[in-house]
Amino acid sequence: MLPLQTLRENADAIALAMDKRGLDARPIVSKILNLDQERRNLQARLDQTLAEANTASREIGQLFKAGKPAEANALKETSSHLKAQSKELQEQLGIAAEALQEALYLLPNTPNDLVPAGQDEADNEIVYQWGEIPTLEADALPHWELAGKYDLIDFELGVKITGAGFPVYKGKGARLQRALISYFLDRNTEAGYQEIQVPHLVNEASGYGTGQLPDKEGQMYHVQEDNLYLIPTAEVPVTNLFRDVILEKAELPVRYTAYTPCFRREAGSYGAHVRGLNRLHQFDKVEIVRVETPEHSYEALEEMVSHVKGLLESLNLPYRILRLCGGDLGFTSALTYDFEVYSTAQQRWLEVSSVSNFEAFQANRLKLRFREGGEKPQLAHTLNGSALALPRILAGLLENCQEAGGIRIPEVLVPYTGFDRIS
RNA sequence: GGAGGAAUGGCAGAGUGGUCGAAUGCGGCAGUCUUGAAAACUGUUGAGGGUCACACCUCCGGGGGUUCGAAUCCCUCUUCCUCCGCCA
């Protein structure tokens, strides 16, 4: 949700930037501005009425004290009338405020200047590429076959106990998962992110706070009984730690890292591209989240990008970085870099990380602010990124590190796995 | 799950119908004093809306109600505490 103040001051520039999303925001922006004006007019009238009512009430009190009940009772009538009036205004105001809120919810974040215009993923801009794509033997296998061959992952068992997209990791496969989680958490901690463990279910308010609701209602698993949502990413609980929080500027930046499983309904995804680990309903991810001042948020984004680069390079996975175009940019993001690892056996790039700056978009919903000295609180900027999502990393590792008769474990992981080869 | 109690400003804690946005203490900030610091003293110190700035309006866990008037009374939800039950 864009801050109203920003919209009032930069309506034209915002609408122009939204064009890059392929969205003509002009109608909704002007609707918002009109509703805002209407809301303010109503608010002013209501305030005026309430002020009069307050004055009358005070006078009534004083008249009673002064022993003038007749005059007091006469004033009561005025007061009652004002009250009725204010109730009506209150209702109108409520309607206007709700309409305004709904309109604001419909408007995505303003793309940063760097965001290229474009329709879809084909228009994303490749800004960086690293590593050599290994040449594999002719009989190289995709990861889902490797997983079966070495008994690392059992997809059928997952289907049996839950359903498609809920794999069961076994033996060295399970150990490798745990190793990756520990490794990522350790690296993130070394880079200054504080490890934190958060709930895997969140309430409705948290869903709204980070923007999953009302937008992506159908993408989350919903526990009706208690009205809780299974988290689609650690971003939701971690960022919501700061809902309704005013930080001192000295407390910034905030840097957290958290491992959580992630649950996604992925309604509407089918086909060969969702095979194996490519797309799951439950997967593991280590996330990094930052809260920054507006001046530093883009610097922070760059830092996060280079941190993720370091992780991938340490695993020796060939990757590229995409700057998402307007059409592919998430609803809440102002600028996003996607990291893709080359999956050699599948001969395609797999997204393993997404690093974004949300500027004040989430903070505005969250009411996450910071304050310096006696200054008025102002909205902070929030950022997050995957560091990293496990399944496709695992897919990449299995496929790219396969050799005759086994799979080689990257050196940095060996202290965590306790083995250097799967065979 | 059952029975009681509670929820007030950054924290602690008064306030049971009429200038209460709210005493007091602690903390924070500024100043006096000091070579500097501490102590002491003085002042200041919630958020949002609104305004050029004032005025003014809203907020005492959330929602609703009673009343001319609610932090204070009623209903309801949530959360926390104590006891009982159950339990990793």
Side-chain angles (χ1 to χ4, degrees), chain A residues 1-9 32-104 197-209 213 223-229 237 240-252 254 261 291 360 362-380:
Chain A
M1 192 166 68
L2 287 170
L4 254 178
Q5 187 71 16
T6 315
L7 263 162
R8 283 184 202 148
E9 288 166 5
I32 287 170
L33 294 178
N34 286 337
L35 284 166
D36 176 43
Q37 191 56 53
E38 185 187 339
R39 200 217 87 230
R40 278 195 281 176
N41 291 342
L42 284 166
Q43 182 82 59
R45 282 170 61 197
L46 174 64
D47 286 356
Q48 180 61 31
T49 311
L50 287 173
E52 285 171 29
N54 287 345
T55 310
S57 292
R58 258 179 305 228
E59 272 176 48
I60 290 169
Q62 280 162 4
L63 287 169
F64 273 124
K65 269 187 187 160
K68 297 175 185 166
E71 291 175 46
N73 284 319
L75 243 189
K76 274 193 191 180
E77 212 161 304
T78 314
S79 193
S80 295
H81 176 68
L82 284 167
K83 193 204 166 190
Q85 219 173 3
S86 75
K87 194 158 195 172
E88 200 173 307
L89 282 167
Q90 204 120 39
E91 270 167 32
Q92 290 177 36
L93 179 65
I95 291 165
E98 202 177 314
L100 175 61
Q101 184 75 352
E102 274 170 23
L104 278 168
Q197 283 195 13
V198 290
H200 300 165
L201 280 85
V202 293
N203 58 29
E204 211 174 16
S206 295
Y208 277 95
L213 295 174
V223 183
Q224 301 257 344
E225 185 90 13
D226 300 294
N227 197 23
L228 296 174
Y229 294 85
N240 270 281
L241 296 172
F242 298 95
R243 173 150 46 85
D244 294 317
V245 167
I246 302 176
L247 295 161
E248 285 302 325
K249 191 177 183 184
E251 295 178 82
L252 297 175
V254 169
V291 181
Q362 287 183 331
N364 187 40
R365 285 197 183 187
L366 292 160
K367 296 199 181 62
L368 163 54
R369 292 161 290 174
F370 73 95
R371 156 174 55 201
E372 187 172 20
E375 302 281 297
K376 275 229 154 199
Q378 58 170 310
L379 291 171

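Below, read A as the first sequence line, B as the second, and so on, with proteins coming before strands; counting in each chain starts at 1.
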Closest-nucleotide mapping onto RNA chain B: is A/Arg40 or A/Glu77 further toward the 5' terminus? I mean the 5' end.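 Going by which nucleotide is closer to the 5' end, it is A/Arg40.
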
Want to settle it: does A/Leu46 or A/Lys76 sit nearer the 5' end of RNA chain B, counting the closest nucleotide to each?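 That would be A/Leu46.
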
Could you tell me the Watson-Crick or G-U partner of [N], where both distances fall under 3.5 Å? Say none if there is no partner.
| N | result |
| --- | --- |
| B/rA14 | none |
| B/rG48 | B/rC57 |
| B/rU66 | none |
| B/rC80 | B/rG5 |
| B/rU32 | B/rA40 |
| B/rA23 | none |

Atom pair OG1 (A/Thr6) and CE (A/Met1), whose distance is rounded to the nearest 0.5 Å: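 If we round to the nearest 0.5 Å, A/Thr6:OG1 and A/Met1:CE are 11.0 Å apart.
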
Can you tell me how far CG of A/Asn41 sits from CD of A/Gln43, rounded to the nearest 0.5 angstrom?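 It is 10.5 Å, given to the nearest 0.5 Å.
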
[atom1] atoms of [N] and [M], separation to the nearest Å:
| N | M | atom1 | answer |
| --- | --- | --- | --- |
| B/rG62 | B/rG50 | C1' | 25 Å |
| B/rA47 | B/rA55 | P | 15 Å |
| B/rA70 | B/rG21 | P | 11 Å |
| B/rG48 | B/rA37 | P | 33 Å |
| B/rG15 | B/rU72 | P | 15 Å |
| B/rG4 | B/rU8 | P | 22 Å |
| B/rC83 | B/rG46 | P | 39 Å |
| B/rU44 | B/rC26 | P | 16 Å |

Tell me what [X] touches on the nucleic acid: a base, only sugar-phosphate, or nothing, going by heavy atoms under 4.0 Å.
| X | value |
| --- | --- |
| A/Asn54 | sugar-phosphate |
| A/Ala44 | nothing |
| A/Ile60 | base |
| A/Arg371 | sugar-phosphate |

For the CD atom on A/Glu98, are there more than 12 heavy atoms of other groups (residues, nucleotides or ligands in this structure) within a distance under 6.0 Å?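 No - once you tally the heavy atoms of other residues, nucleotides and ligands closer than 6.0 Å, there are 12 at most.
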
Residues which pass side chain to side chain contact (heavy atoms under 4.5 Å, CB included) with A/Leu42, listed by chain and number, not counting sequence neighbours: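 A/Leu42: side chain to side chain contact (heavy atoms under 4.5 Å, CB included) contacts with A/Glu38, A/Arg45, A/Leu89, A/Gln92, A/Leu93, A/Ala96.
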
Once side chain to side chain contact (heavy atoms under 4.5 Å, CB included) is applied, do any residues pair with A/Ala205, and if so which ones, sequence neighbours excluded?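 Here the qualifying residues are A/Asn203, A/Arg243.
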
Could you name each residue pair satisfying side-chain hydrogen bond (donor to acceptor under 3.5 Å, both in side chains) that touches residues 66-82 of chain A, not counting sequence neighbours?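 Residue pairs passing side-chain hydrogen bond (donor to acceptor under 3.5 Å, both in side chains), neighbours aside: none found.
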
Give the first and the last nucleotide of RNA chain B, reading 5' to 3', that has any atom under 4.0 Å from a heavy atom of chain A.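 It runs B/rG18 to B/rG69.
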
Taking only residues two or more places apart in sequence, or in another chain, which ones meet A/Tyr229 in a ring pair (Phe, Tyr, Trp, His ring centres under 6.0 Å)?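 In terms of ring pair (Phe, Tyr, Trp, His ring centres under 6.0 Å), with neighbours along the sequence ignored, A/Tyr229 is linked to A/His222.
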
Tell me, please, which residues at least two apart from A/Glu9 pass side-chain hydrogen bond (donor to acceptor under 3.5 Å, both in side chains).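 Scan of A/Glu9 (side-chain hydrogen bond (donor to acceptor under 3.5 Å, both in side chains), adjacent residues dropped) gives A/Gln5.
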
